[in-house]
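Below: the structure, in structure tokens.
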Number of protein chains: 2
Amino acid sequence: MDAFAQPRYEARARIAKALSHPTRLLLLDALRQKDLCVCEMTELAGVDQSTVSKHLAILKDAGLVAVAKRGSMSVFSVRCQCLDGFFRCIEAVLEQNLKAQQEIVGS
Amino acid sequence: MDAFAQPRYEARARIAKALSHPTRLLLLDALRQKDLCVCEMTELAGVDQSTVSKHLAILKDAGLVAVAKRGSMSVFSVRCQCLDGFFRCIEAVLEQNLKAQQEIVGS
DNA sequence: TGCCTTCATGGTTATATTGCCATAAAGCAC
DNA sequence: GTGCTTTATGGCAATATAACCATGAAGGCA
């Protein structure tokens, strides 16, 4: 790989990696509806609060969410509208894979 | 997490995970220009041939690329147009992060 | 046939990720 | 002040990922 291209692809991969865990996708989906604090998301995700906190830190480091302190609570919000494009792409791949599976079964 | 939602998010995450490595992003970018065989991509990526082969297997398992045998060569191609949406999303996040960085420095 | 190219896969090691528990910091109420 | 809530972080164990090397299978050609 080109030495100039490498950091570029690494930066992209860091973003994609933040989007590559089911719990983080769930949290992002929920945050797209409305802003939420950690304890609400802990309930939603059904895993330990520390686990949720770490997932949110990963999303925050990637620049995907923002956090605002409200008293003792941390309220998170999505930081970009562009996630639509990402989710649509994933859905399209899943649909396509499903269709391919059905063709195999049907043949 | 809802027991019904879980497999859904896991399926999404599998696709996203396939997109979360710099070498795989490079390969996909190259394949968006034109179909390529493994040896060409090995040259491009600058890593071991077996490494490229494994990365391609991951992309194939995710349904992101297709492979066609041509003699002793395996020619890969992108399998969905939707990747534009994905890449645009990543670029938007990167741009936004860069802008935020500049604001911090500039303040 | 023999030789070369192309590719996929098993083995191994190093590193990264993920989950929980325990804990500590900070805000709020009393 | 004491408590309770909310959150972030260190520690640790289990698992996953990724790189290389070595090898073997299959195609093409002389």
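The chains referred to below are lettered A, B, ... by the order of the sequence lines, with proteins before strands, and numbering in each begins at 1. None of these values were measured; they are calculated from a predicted model.
- For the contact set between residues 8-28 of chain A and DNA chain C, defined by any heavy atom under 4.0 Å, the members are A/Lys17, A/His21, A/Arg24.
- With sequence neighbours excluded, the residues satisfying side-chain contact (heavy atoms from CB on, under 4.5 Å) with B/Ser77 are B/Asp35, B/Ala66.
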In a table with atom names and distances, give each donor-acceptor pair under 3.5 Å that connects a side chain of residues 37-46 of chain A to protein atoms at least two apart or in another chain.
unit_1	atom_1	unit_2	atom_2	d
A/Glu40	OE1	A/Cys37	N	2.9
A/Thr42	OG1	A/Val38	O	2.8

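- The residue A/Val47 sits close only to the backbone: its heavy atoms come under 4.0 Å of sugar-phosphate atoms, none of a base.
- Between the CD atom of A/Gln101 and the CD atom of A/Glu103 there is a distance of 10.5 Å, given to the nearest 0.5 Å.
- Atom CD1 of residue A/Ile90 and atom SG of residue B/Cys80 lie 9.0 Å apart, to the nearest 0.5 angstrom.
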Which pairs, protein N/O on one side and nucleotides 6-13 of chain D N/O on the other, fall under 3.5 Å?
unit_1	atom_1	unit_2	atom_2	d
D/dT7	OP1	A/Val38	N	3.2
D/dT7	OP1	A/Ser74	N	3.0
D/dT7	OP2	A/Cys39	N	2.5
D/dT7	O3'	A/Ser74	OG	3.0
D/dA8	OP1	A/Ser74	OG	3.4
D/dA8	OP2	A/Ser53	OG	2.6
D/dA8	N7	A/Gln49	NE2	2.9
D/dA8	N6	A/Gln49	OE1	3.1
D/dG10	O6	A/Lys54	NZ	3.2
D/dG11	O6	A/Lys54	NZ	2.7

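- One can place CD1 of B/Ile58 at 14 Å from P of D/dA16, the figure rounded to the nearest angstrom.
- Listed here is the closest heavy atom pair of A/Leu36 and A/Ala30: CD1-CB, 3.7 Å.
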Which pairs of donor and acceptor atoms, one on a side chain in residues 9-28 of chain B, lie under 3.5 Å apart (sequence neighbours left out)?
unit_1	atom_1	unit_2	atom_2	d
B/Tyr9	OH	A/Asp29	OD2	2.6
B/Glu10	OE2	B/Gln6	NE2	3.4
B/Arg12	NE	A/Glu91	OE2	2.9
B/Arg12	NH1	A/Asp29	OD2	3.3
B/Arg12	NH2	A/Glu91	OE2	3.1
B/Ser20	OG	B/Lys17	O	2.7
B/His21	ND1	B/Thr23	N	3.0
B/Arg24	NE	B/Ala18	O	2.8
B/Arg24	NH1	B/His55	ND1	3.0
B/Arg24	NH2	B/Lys17	O	3.2

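- By the 4.5 Å heavy-atom criterion applied to side chains, A/Arg32 and A/Asp84 are counted as neighbours.
- Scanning for side-chain contact (heavy atoms from CB on, under 4.5 Å) contacts around A/Ser50 gives A/Asp48, with sequence neighbours left out.
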